[in-house]
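Sequence lines set the chain letters: A, B, ... in the order given, protein chains first and strands last, and positions in each chain run from 1.
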Number of protein chains: 2
Amino acid sequence: MKKRQYSCGLDAAVDVVGGKWKALLLWELHHGPRRFGELRRRVAGISEKMLIQQLREMEKAGLVDRKVHEQVPPKVVYSLTSFGDSLNTALIPLGEWGEVHMETIEAIPRD
Amino acid sequence: MKKRQYSCGLDAAVDVVGGKWKALLLWELHHGPRRFGELRRRVAGISEKMLIQQLREMEKAGLVDRKVHEQVPPKVVYSLTSFGDSLNTALIPLGEWGEVHMETIEAIPRD
DNA sequence: TAGGGTACTTACCTTTTCGTTTGTGGAGGA
DNA sequence: TCCTCCACAAACGAAAAGGTAAGTACCCTA
């Protein structure tokens, strides 16, 4: 979330789903509601700080729903809203493209 | 382009198209081949440094083709490869999602 | 003769993003 | 009693991304 004025829909969408973790979290939540600790374990390499940061941003954006179960130890469950689900649906072709061309993408030189 | 190991296709695709400018450039080139100066004028707000940097990265990734016409003054034309075009096709649903929800996205608070 | 267009390149700086570490407070298990 | 788990929070620094400004070499137009 950096801009206010977008030049096209794609611009806006990439702004919402951009960054290192949001796409992965969307994908993981697509499989079903998840607790904080579950997400931390299933999304490889994410730190707790990044996880909570991304979740908060996605909550603000209306993509995910955060439900607190008042109990000890605490239990918080995150799930996709219908808005988040619609974004996920729109991302499916892109995900398939990525899978098909995975080897090509991995072979891109980076310097 | 930062990682080598992707956990899913979506992860890889977002890595390729991520950042502030690549989606806009892909979209612009989707309308047809463009010269450097044309892109600079049509993609609002981009600096020459960013433009050439992104174009070079997209060239390395095999998304765009760079054709130099040896003449004075110089003339360089950029166009999508079939690989770049396939990415663009995969991005269409996302672009449509962004257009449909543009107002919602613009209303997301950023602090 | 001055200014603008052609397509870049380089240096420097600021902003944003990402990662690491430490700490909270109560509860249950060895 | 110590350790771990739960779901965070806060501080700090590194790294990456992005922005600004200037320079290059040549040509055409006014």
Check the distance between [N]'s [atom2] and [X]'s [atom1] and give it to me in whole angstrom.
{"X": "A:Q71", "N": "D:dA7", "atom1": "CD", "atom2": "C1'", "answer": "12 Å"}
{"X": "B:K75", "N": "D:dC28", "atom1": "NZ", "atom2": "C1'", "answer": "17 Å"}
{"X": "B:Q54", "N": "D:dG19", "atom1": "CD", "atom2": "C1'", "answer": "13 Å"}
{"X": "A:E48", "N": "C:dT22", "atom1": "CD", "atom2": "C1'", "answer": "11 Å"}

Q) Does the distance from a Lys or Arg side-chain N to an Asp or Glu carboxylate O, for A:E70 and A:K75, drop under 4.0 Å? A) no
Q: Identify, between B:R40 and A:P73, the residue whose nearest nucleotide on DNA chain C lies closer to the 5' end.
A: B:R40
Q: Identify, between A:M50 and B:K49, the residue whose nearest nucleotide on DNA chain C lies closer to the 5' end.
A: B:K49
(Q) A:L80 vs A:L63, test: side chain to side chain contact (heavy atoms under 4.5 Å, CB included). Steps then yes/no. (A) CA-CA 6 Å; A:L80 285 185; A:L63 296 168; 5.5 Å; no
Q) Under 4.5 Å between any side-chain heavy atoms of A:W27 and A:L24, yes or no? A) no
**Q.** From C:dA7, D:dC26, D:dT20, nucleotide with atom closest to B:R35 side chain
**A.** C:dA7
Q | Minimum-distance nucleotide to B:K20 side chain [options: D:dA7, D:dC27, D:dG18] | A | D:dG18
Q | Distance below 4.0 Å between A:R56 side-chain N/O and D:dA9 OP1 or OP2 | A | yes
Q. Under 4.0 Å between a side-chain N or O of B:R41 and OP1 or OP2 of C:dT6?
A. yes
Q: Spell out, as yes or no, whether a donor-acceptor pair under 3.5 Å connects the side chain of B:D15 to the backbone of B:D11.
A: no
